[in-house]
Structures are given as structure tokens and as C-alpha cells.
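For reference, positions follow the sequence shown, starting with 1.
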Amino acid sequence: MALFAIIALVLIGVGGRLYQKRKAWIEHSKLTYGKVVEISRRYARGDHAGRFPIYFPIVSYQVNGLEFRREAERGLMKNYEIGQEIPVRYLSEKPYEASLNEQSVPVLSPNVFFILGILMLISAIILSVIHP
């Protein structure tokens with residue numbers, strides 16, 4: 001029971017830390033627009049017929065006169081076109097750390113840690129009530 005409580009608190013703490021990192025990343029990042037310069041098309045392992053491609057746009061954007069390229073972190077079902085403008089969020093001190101979306105952040109989501117931590121904490125409370 002105590003082990004569940006300790007693990008729960010650690011998970012909630014990790015979730016809190018990731019939340020703070022995501023918040024800081026958004027507060028310190030800047031928004032610009034880049035252009036799709038290339039599109040990588042891939043297929044899921046189970047798509048042997050090749051009917052459902054997943055598109056990974058590669059976007060070129062400029063920061064302080066330097067050009068950077070970034071490929072989408074996740075595949076998209078939508079087909080982008082070469083030359084299409086896409087929002088790019090980047091850190092001014094590290095412009096190569098970027099996200100190809102206004103709301104997306106390249107930091108692990110804290111939600112899983114919060115949910116698991118809360119479930120483990122509830123389990124610990126229930127176990128302590130059942131087996132005092």
C-alpha cells in the first residue's frame with residue numbers, strides 16, 4: 001500500500017514537472033510560418049496494399065536569416081502541398097527545436113503521468129481501507 005502511494009506521488013511529481021516544462025516551452029517559444037518543401041509518404045506496417053499513406057511534411061523556416069528544416073513528428077492523413085505555409089513554433093535560443101503546429105509542444109505530455117498517479121493513489125487508498 002505504501003509502495004503504491006510512493007509510486008503515485010512520484011508519477012504525479014513527474015507529471016507536474018512535465019507540465020511546467022511544456023508551459024515554459026510555450027511561454028518562451030515564438031511563432032513563425034514555414035513552407036512545405038518536401039513530403040515524405042510512408043505506410044503503416046499493416047497496410048500491405050499501400051492504400052492508406054501517412055504524410056510527413058518537411059517544412060523550411062527561417063530564423064535570424066538562417067534556414068532550418070523540420071519534419072512533422074507525427075504522420076498526418078492529410079496531404080499537404082509543396083509551398084503550403086504551416087505554422088512553426090520554435091525556441092529563439094534553439095531554433096532547431098521546433099514544432100509544426102501552433103499548439104503542439106515537443107515535450108512529453110504530462111496527462112499519462114497524472115492519470116496513472118491518480119489511479120495508483122486511489123488504489124493505495126482503497127487497499128488501506130480494505131486491509132487496515
Which heavy-atom pair separates [X] from [Y] by the least distance, and what is that distance?
{"X": "Thr32", "Y": "Gln62", "answer": "OG1-O, 4.5 Å"}
{"X": "Arg22", "Y": "Pro110", "answer": "CD-CD, 3.3 Å"}
{"X": "Ser92", "Y": "Lys30", "answer": "CB-CE, 3.9 Å"}
{"X": "Ala5", "Y": "Ala124", "answer": "N-CB, 3.8 Å"}

State plainly whether one hydrophobic cluster holds both [X] and [Y], where clusters connect Ile, Leu, Val, Met, Phe, Trp and Tyr through side-chain heavy atoms under 4.5 angstrom apart.
{"X": "Leu3", "Y": "Val10", "answer": "yes"}
{"X": "Tyr55", "Y": "Ile58", "answer": "no"}
{"X": "Tyr19", "Y": "Leu9", "answer": "no"}
{"X": "Val88", "Y": "Val37", "answer": "no"}

Check: Hey, is CZ on Phe114 packed in by over 12 heavy atoms from elsewhere, all under 6.0 Å?
Finding: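 Yes, the 6.0 Å shell around CZ holds more than 12 heavy atoms from other groups.
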Nearest 0.5 angstrom please: [X] [atom1] to [Y] [atom2], how far?
{"X": "Arg89", "Y": "His28", "atom1": "CZ", "atom2": "NE2", "answer": "12.5 Å"}
{"X": "Leu31", "Y": "Ile26", "atom1": "CG", "atom2": "CD1", "answer": "11.5 Å"}
{"X": "Ile82", "Y": "Gln84", "atom1": "CD1", "atom2": "CD", "answer": "10.0 Å"}
{"X": "Ser60", "Y": "Phe68", "atom1": "OG", "atom2": "CZ", "answer": "10.0 Å"}
{"X": "Ile6", "Y": "Leu11", "atom1": "CD1", "atom2": "CG", "answer": "12.0 Å"}
{"X": "Leu116", "Y": "Asn111", "atom1": "CG", "atom2": "CG", "answer": "11.0 Å"}

Margin query: Any heavy-atom pair between the side chains of Glu81 and Val36 that's under 4.5 Å?
Written below: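 No, their side chains stay 4.5 Å or more apart.
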Check: Does Glu97 reach the side chain of Trp25, with side-chain heavy atoms less than 4.5 Å apart?
Finding: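 Yes, close enough: below the 4.5 Å cut-off.
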Check: Does Tyr61 reach the main-chain N or O of Pro95 with its side chain, forming a donor-acceptor pair under 3.5 Å?
Finding: yes
Next item on the list: Under the salt bridge (Lys or Arg N to Asp or Glu O under 4.0 Å) rule, collect the residues that match up with Glu67, sequence neighbours excluded.
Entry: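 In terms of salt bridge (Lys or Arg N to Asp or Glu O under 4.0 Å), with neighbours along the sequence ignored, Glu67 is linked to Arg69.
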Margin query: Clusters formed by hydrophobic residues whose side-chain heavy atoms approach within less than 4.5 Å: which one holds Ile115, and what are its other members?
Written below: Leu119
Note to self: For Glu38, give me all partners under side chain to side chain donor-acceptor pair (under 3.5 Å), at least two apart in sequence or on another chain.
What the structure shows: none
